[in-house]
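Contents: one structure, followed by commentary.
These numbers come from a predicted model, not from an experiment. Lettering of chains follows the sequences in order, A, B, ..., and the numbering in each one begins at 1.
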Protein chains: 2
Amino acid sequence: MNQGMLQKAIPYYEQVQQTLKERIFNGIYEPGDRLYEVQIAREFAISRSPVREAIRALINEGLLIMDDKSQIYVYEPSLKDVYEIYECRVALESTAVTLVAQKASEDQILQLEKTLSDSASAIKKGEKEEMACLNAKFHELIIDFSDNMRLKKLVNELKSLTNYYRFLNLEGEDRPNVIYKGHFDIFQAIIERNPEKASQKLKEHTHDDLENLVNLLNHKRER
Amino acid sequence: MNQGMLQKAIPYYEQVQQTLKERIFNGIYEPGDRLYEVQIAREFAISRSPVREAIRALINEGLLIMDDKSQIYVYEPSLKDVYEIYECRVALESTAVTLVAQKASEDQILQLEKTLSDSASAIKKGEKEEMACLNAKFHELIIDFSDNMRLKKLVNELKSLTNYYRFLNLEGEDRPNVIYKGHFDIFQAIIERNPEKASQKLKEHTHDDLENLVNLLNHKRER
DNA sequence: AATATGCAGACTGTCGACAGGCGACATGAA
DNA sequence: TTCATGTCGCCTGTCGACAGTCTGCATATT
């Protein structure tokens, strides 16, 4: 018998939260856009209560912000915010990679290796979509292997705050190879069981990402 | 004319959130206690809506948890949780102290020094309350001086999750002096402008705190 | 023309009500 | 006694309504 048959009905507020989040990620709502409880409620043909709840949850996650007049906007990180977010991510992810370098199992290392080699072949074939996916997977595996649920949650929340800019990651000077090199160095340090080096390499790699992002953002702003 | 005169009324849901948080911190609600929307609403003589909103906010902060039947309980960290939380805190705080060692101003260093010396005299006089306060202040100053609002917010949220155990921090073998020594070493590294060392000392210091806490918790559990 | 006043509409904060789900208890059957 | 079924009450999810606040525009005033 299918286990999933007796599934509890998902409450509206969760569905709405999910949907709004997707819309923010997909750019249907853009940074700075204002959101209205009533309008969303009408759109989903439900009352304001669950919508309100979903919005509040997203405010707590930082994806929406409320000004002093209780008006809701899609979060648009300032440059300072972007730096702060990356600083926090580096802090957490470098800790994760330190742990992984100390205690990763053989199987886990194989998974990292496979992701890397898949990444390499994706670069050869020029499959952008695949590359982005595998790069994200590499980071995710490291977080997973650190075996710290809370760290994972924090990193994911931080990532989601700059998620709107994720497609910029592969744009820029020779990015695919630079990223691959960065990941490769991290992997190298892990199999050497050298936590310090792994942490250091991750910091450098993330710094590259940040620098690239900031350059592109500035470039865009100038035009 | 007093600037504060035209203050916007604080909405109920914020007041309730604040009050509930205080109750959790003060142990009026203990870990594992169940909370009811209706009951709290009756107590404050308001409707369920703002109460519900406050509860959801505290769930997002992690101070309350909801089981699969939508029942609300005060969060009680497992031992694994405590380790995870501390791991995240170390990651963030060591990053902060690294930054502080790099760029702290003279004035900021003086503030740290004063907190330390106040701490020393509080130990001499045996003022426990004062000691706890100054120890917290030392950590807070470091976070503040790192000039990263987001990092500060994350650390505060993590702290609040084990806040219930804060009074255990000074209990145990010669804790006041051990803590003072830890803070002193960190301070020393900062004035030496040695980020690596500062980070290392903070990690050791926090590790002491954690070990002490776990010991006391195990000890309690045995009885 | 520039400023003040007032009105209308749009939103948010809060309320009370209803319904659907779940557990506790009771009653009855084996 | 043990287990199945039905009922009751509690609690959460959702709804529609109302009140207060703020914005923008139009009208009035000097």
Side-chain angles (χ1 to χ4, degrees), chain A residues 3-21 23-24 29-76, chain B residues 1-21 23-24 29-76:
Chain A
Q3 295 177 355
M5 282 191 67
L6 286 177
Q7 219 179 85
K8 192 175 160 189
I10 299 166
Y12 284 155
Y13 65 86
E14 269 188 34
Q15 297 181 45
V16 173
Q17 182 178 347
Q18 192 58 35
T19 307
L20 293 183
K21 196 186 254 187
R23 288 188 180 180
I24 294 171
Y29 297 142
E30 290 188 33
D33 280 0
R34 185 171 170 191
L35 266 57
Y36 302 91
E37 292 177 1
V38 272
Q39 178 186 313
I40 295 170
R42 265 201 303 269
E43 186 184 343
F44 287 89
I46 58 179
S47 80
R48 276 174 54 215
S49 309
V51 173
R52 189 179 169 84
E53 200 160 316
I55 288 178
R56 297 305 159 130
L58 292 175
I59 290 175
N60 285 319
E61 279 186 45
L63 286 171
L64 298 177
I65 54 171
M66 185 170 70
D67 67 11
D68 56 341
K69 290 189 287 286
S70 298
Q71 299 179 152
I72 312 299
Y73 299 90
V74 176
Y75 174 63
E76 178 161 26
Chain B
M1 187 81 76
N2 187 333
Q3 294 178 356
M5 280 192 68
L6 285 178
Q7 221 179 84
K8 193 176 161 188
I10 299 165
Y12 285 155
Y13 65 85
E14 271 189 33
Q15 296 181 45
V16 174
Q17 182 178 347
Q18 192 58 36
T19 307
L20 292 183
K21 195 186 253 188
R23 288 187 181 181
I24 294 170
Y29 298 141
E30 289 187 34
D33 281 0
R34 185 170 170 193
L35 265 57
Y36 302 90
E37 291 177 1
V38 271
Q39 179 186 312
I40 296 170
R42 265 202 302 270
E43 185 184 343
F44 288 87
I46 58 178
S47 81
R48 276 175 53 217
S49 309
V51 173
R52 188 179 170 84
E53 201 160 315
I55 288 178
R56 297 306 160 129
L58 293 175
I59 289 175
N60 285 318
E61 280 187 45
L63 287 172
L64 299 177
I65 55 171
M66 186 170 71
D67 67 12
D68 55 342
K69 290 189 288 285
S70 297
Q71 299 178 151
I72 311 299
Y73 299 90
V74 175
Y75 173 62
E76 177 161 27

Item checked: For A:Glu30, salt bridge (charged side-chain N to carboxylate O under 4.0 Å, His left out) partners two or more places apart -> none
Give every pair of a protein N or O atom and an N or O atom of nucleotides 10-16 of chain C that lie under 3.5 Å apart, one pair per line with the distance.
{"from": "C:dT12", "atom 1": "OP2", "to": "A:Glu37", "atom 2": "N", "distance (Å)": "3.4"}
{"from": "C:dG13", "atom 1": "OP1", "to": "A:Ser70", "atom 2": "OG", "distance (Å)": "2.9"}
{"from": "C:dG13", "atom 1": "OP2", "to": "A:Arg52", "atom 2": "NH1", "distance (Å)": "2.6"}
{"from": "C:dG13", "atom 1": "OP2", "to": "A:Arg52", "atom 2": "NH2", "distance (Å)": "2.7"}
{"from": "C:dG13", "atom 1": "OP2", "to": "A:Arg56", "atom 2": "NH2", "distance (Å)": "2.5"}
{"from": "C:dG13", "atom 1": "N7", "to": "A:Arg48", "atom 2": "NH2", "distance (Å)": "2.8"}
{"from": "C:dG13", "atom 1": "O6", "to": "A:Arg48", "atom 2": "NH1", "distance (Å)": "2.8"}
{"from": "C:dT14", "atom 1": "OP1", "to": "B:Tyr12", "atom 2": "N", "distance (Å)": "2.5"}
{"from": "C:dC15", "atom 1": "OP2", "to": "B:Ser47", "atom 2": "N", "distance (Å)": "2.6"}
{"from": "C:dC15", "atom 1": "OP2", "to": "B:Ser47", "atom 2": "OG", "distance (Å)": "2.8"}
{"from": "C:dC15", "atom 1": "N4", "to": "B:Ser49", "atom 2": "OG", "distance (Å)": "3.4"}

Check: Within this structure, what is the CG-to-P distance between B:Asp67 and C:dC22, rounded to whole angstrom?
Finding: 12 Å
Note to self: Please enumerate all residues that pass side-chain hydrogen bond (donor to acceptor under 3.5 Å, both in side chains) together with B:Arg52, with sequence neighbours excluded.
What the structure shows: A:Glu53, B:Glu37
Next item on the list: Check side-chain hydrogen bond (donor to acceptor under 3.5 Å, both in side chains) between B:Arg34 and all other residues, then give those that pass, not counting sequence neighbours.
Entry: B:Gln71
Item checked: Shortest non-hydrogen contact from B:Glu76 toward B:Pro31 -> CB-CB, 3.6 Å
Notebook entry, point to check: By side-chain hydrogen bond (donor to acceptor under 3.5 Å, both in side chains), which residues pair with A:Gln17, not counting sequence neighbours?
Noted result: A:Glu61
Check: Are any of the side-chain heavy atoms of A:Leu58 and A:Ile72 separated by less than 4.5 Å?
Finding: no
Notebook entry, point to check: Are A:Leu64 and A:Ile24 close enough that some pair of their side-chain heavy atoms sits under 4.5 Å apart?
Noted result: yes
Item checked: Degree of bending in the helix from C:dA1-D:dT30 to C:dA30-D:dT1 once both end axes are built from five pairs, to 10° -> 10°
Item checked: Close side-chain approach of A:Ile46 and A:Val16, heavy atoms under 4.5 Å -> yes
Item checked: d(CD, A:Gln15; P, D:dG13) in whole Å -> 13 Å
